[in-house]
Number of protein chains: 2
Amino acid sequence: MEQMSRNLAFQLKKIRQQRSLSLDDVAKATGVSKAQLAQIEKGESNPTVSTIWKIAAGLRISFSSLLQPPTAHFMKFSSKDAPHVDEDEGRYRVYSIIPYDPERGWEFYKIEMEPGAFSRSEAHTEGVEETVTVIQGQAVISAGEMHEQLVEGDTLVFSGHQLHEYKNTSEELTILHLILQYK
Amino acid sequence: MEQMSRNLAFQLKKIRQQRSLSLDDVAKATGVSKAQLAQIEKGESNPTVSTIWKIAAGLRISFSSLLQPPTAHFMKFSSKDAPHVDEDEGRYRVYSIIPYDPERGWEFYKIEMEPGAFSRSEAHTEGVEETVTVIQGQAVISAGEMHEQLVEGDTLVFSGHQLHEYKNTSEELTILHLILQYK
DNA sequence: CAGATATGTCTATTAAAGTATACATATGTC
DNA sequence: GACATATGTATACTTTAATAGACATATCTG
């Protein structure tokens with residue numbers, strides 16, 4: 001993703017300017033060429049881990065401080081553009097609103113279920129937590145041996161490392177919001 | 001540093017095998033070619049951030065879980081091989097025992113001071129903490145307006161973002177251990 | 001103003017990251 | 001045993017990260 005490169009560009013430039021260092025200074029401190037540093041700061045390059053390592057080590061900072069997004073950001077994700085996947089012959093639709101980002105650690109979905117629609121998920125890898133909120137309609141959610149009937153406004157949290165099922169038991173379209181939190 | 005590549009190789013292989021995925025599975029989940037994944041796992045490649053990003057995102061893990069060294073490791077740093085820098089005409093010698101590593105966040109030095117030897121350090125960047133232990137001999141350490149006389153066994157902790165000085169006030173060789181902790 | 005030093009940009013070259021695909025070796029399954 | 005599928009390895013090729021060094025602008029000093 002070139003979102004990465006942008007974060008990196010921003011953070012590197014910020015740190016360099018906070019310390020009032022020139023590109024030459026940083027090149028000398030890190031062993032990375034001036035030209036390359038300039039490109040990274042402009043977000044025009046996709047550096048290798050060893051280059052990142054040299055920069056972090058030379059400046060005595062952590063990786064995360066280089067890779068983190070700017071503290072104040074402002075970012076729109078449009079439901080329209082969200083890629084979606086269908087199940088149950090198109091009667092169960094999953095929209096990826098906020099895709100997983102390693103710096104964030106979770107992802108966000110909207111789910112639409114036609115009346116009677118059904119979905120079964122295999123157990124995810126250890127350490128996944130699901131948080132489901134019913135926006136509209138009703139749903140029955142099962143995980144392992146547990147079952148729960150949810151209506152509009154209800155939220156359920158459960159661990160996703162077990163077989164689980166979603167079902168729309170009502171006669172109307174049911175809409176859910178789902179957060180998947182990893183480890 | 002190709003220490004990075006080794007950590008990455010180890011962690012990726014570990015995660016892949018824990019989840020019993022094939023290289024093809026991971027290639028499909030991440031969008032990174034099988035050949036490249038194989039090379040990364042063998043530590044023969046130095047991937048770009050976007051490749052790391054694709055792997056982390058596809059596997060739903062954080063960067064640090066990919067970059068961290070194996071939990072159980074065992075690593076020798078020899079004082080003999082340590083690069084050293086001289087000051088005060090060779091009478092003040094600094095040995096870098098453990099160089100800075102972005103995952104660790106601190107570095108470790110040994111300092112040898114001949115009788116009367118002296119060193120002055122400009123203020124480091126904000127957030128540096130120095131921890132000095134006298135192994136042998138005596139030293140006077142000043143930071144800003146503060147001064148302290150240390151003898152064998154004494155340890156002093158102070159923030160390094162101010163002008164500070166080390167001086168051997170004794171008639172014998174003084175040896176210090178110094179830890180620099182960043183942010 | 002002339003000369004010197006510092007700072008970022010641009011260009012040409014090299015080295016290597018990344019892909020696609022074919023190959024070899026297992027591991028079943030009938 | 002023969003066929004099919006799955007899994008990791010090796011090869012050829014394209015793209016691009018990274019370097020070194022030249023160039024263009026500042027900024028300062030005598």
Side-chain angles (χ1 to χ4, degrees), chain A residues 1-59 61 63 65-67 99-102 122 125, chain B residues 1-59 61 63 66-67 70 99-102 122 125:
Chain A
M1 196 59 154
E2 94 289 341
Q3 176 62 31
M4 273 322 305
S5 308
R6 271 209 296 280
N7 294 349
L8 190 63
F10 179 90
Q11 296 294 356
L12 176 54
K13 191 158 202 168
K14 180 180 149 206
I15 292 167
R16 184 171 72 86
Q17 294 184 340
Q18 273 178 355
R19 301 187 183 178
S20 37
L21 301 171
S22 68
L23 288 175
D24 274 309
D25 293 336
V26 177
K28 196 148 64 70
T30 62
V32 176
S33 72
K34 185 167 60 158
Q36 181 63 5
L37 290 169
Q39 285 211 337
I40 292 171
E41 282 194 358
K42 285 189 243 165
E44 291 171 359
S45 185
N46 174 20
T48 62
V49 285
S50 83
T51 298
I52 302 276
W53 194 94
K54 285 194 263 183
I55 294 173
L59 296 175
I61 55 181
F63 288 110
S65 63
L66 270 181
L67 299 177
Y100 180 84
D101 181 310
E122 296 304 315
T125 62
Chain B
M1 194 63 151
E2 93 289 339
Q3 176 62 31
M4 274 320 306
S5 307
R6 270 208 297 280
N7 294 349
L8 190 62
F10 180 90
Q11 296 294 356
L12 176 54
K13 191 158 201 167
K14 180 179 148 208
I15 292 167
R16 185 172 71 86
Q17 293 184 341
Q18 272 178 356
R19 302 187 182 177
S20 36
L21 301 171
S22 68
L23 288 176
D24 274 310
D25 293 336
V26 177
K28 196 149 64 73
T30 63
V32 175
S33 72
K34 185 166 64 157
Q36 182 62 4
L37 290 168
Q39 286 209 338
I40 292 171
E41 283 195 357
K42 285 189 240 165
E44 291 170 359
S45 186
N46 175 21
T48 62
V49 285
S50 84
T51 298
I52 301 278
W53 194 93
K54 287 194 263 182
I55 293 174
L59 264 36
I61 55 181
F63 288 110
L66 269 182
L67 298 176
Y100 180 84
D101 181 309
E122 296 305 315
T125 63

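Only this structure's heavy atoms are used, side chains among them; waters, hydrogens and symmetry mates stay out.
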**Request:** Return the minimal non-hydrogen interatomic distance between B:L12 and B:I40, and the atom names on each side.
**Result:** CD2-CG2, 3.9 Å
**Item:** A:L37 CG to C:dC10 P, straight-line distance once rounded to whole Å
**Value:** 16 Å
**Request:** Can you tell me the pairing partner of C:dC30 across any strand shown, Watson-Crick or G-U wobble, with both distances under 3.5 angstrom?
**Result:** D:dG1
**Prompt:** Closer to the 5' end of DNA chain D via nearest nucleotide, is it B:A38 or A:V32?
**Reply:** B:A38
**Asked** Once you round it to whole Å, what is the distance between C1' of C:dT9 and NZ of A:K13?
**Response** 12 Å
**Asked** Would you say D:dT19 has OP1 or OP2 under 4.0 Å from some side-chain N or O of A:K54?
**Response** yes
**Request:** Mind listing the closest non-hydrogen atom pair of B:D24 and B:K34 along with its distance?
**Result:** OD1-CD, 3.3 Å
**DNA chain D: 5'-proximal contact among B:D24 and B:T48 (nearest heavy atom)** = B:D24
**Prompt:** Minimum heavy-atom separation for B:I61 to A:Y100, with atom names?
**Reply:** O-OH, 2.9 Å
**Request:** Would you tell me if any nitrogen or oxygen in the side chain of B:S45 comes within less than 4.0 Å of OP1 or OP2 on C:dA16?
**Result:** no
**d(CG, A:N46; P, C:dT19) in whole Å** = 11 Å
**Message:** So, does A:T51 get its side chain near the phosphate of D:dA18, meaning an N or O under 4.0 Å from OP1 or OP2?
**Reply:** yes
**Item:** Whole-Å distance separating the CD atom of A:Q39 from the P atom of C:dT7
**Value:** 21 Å
**Asked** Rounded to the nearest Å, what distance is computed from the CD1 atom of residue A:I40 to the P atom of nucleotide D:dT19?
**Response** 9 Å
**Prompt:** If only atom types and distance count, is the side chain of B:R16 paired as donor or acceptor with the main-chain N or O of B:E41 below 3.5 Å?
**Reply:** no
**Request:** To the nearest Å, give me how far apart CD (A:Q36) and C1' (C:dT11) are.
**Result:** 15 Å
**Asked** Should we say atom CD of A:Q17 is surrounded by more than 12 heavy atoms from elsewhere, each under 6.0 Å from it?
**Response** yes
**Asked** Should A:R16 be listed as having a side-chain N or O under 4.0 Å from OP1 or OP2 of C:dG8?
**Response** yes
**Asked** Which whole-number value in Å describes the distance from A:K34 NZ to C:dT11 P?
**Response** 15 Å
**Request:** Send over the distance from B:L23 CG to D:dA10 C1', rounded to a whole Å.
**Result:** 13 Å
**Asked** With a 4.0 Å cut-off on heavy atoms, is B:S22 in touch with a base, just the backbone sugar-phosphate, or nothing at all?
**Response** sugar-phosphate
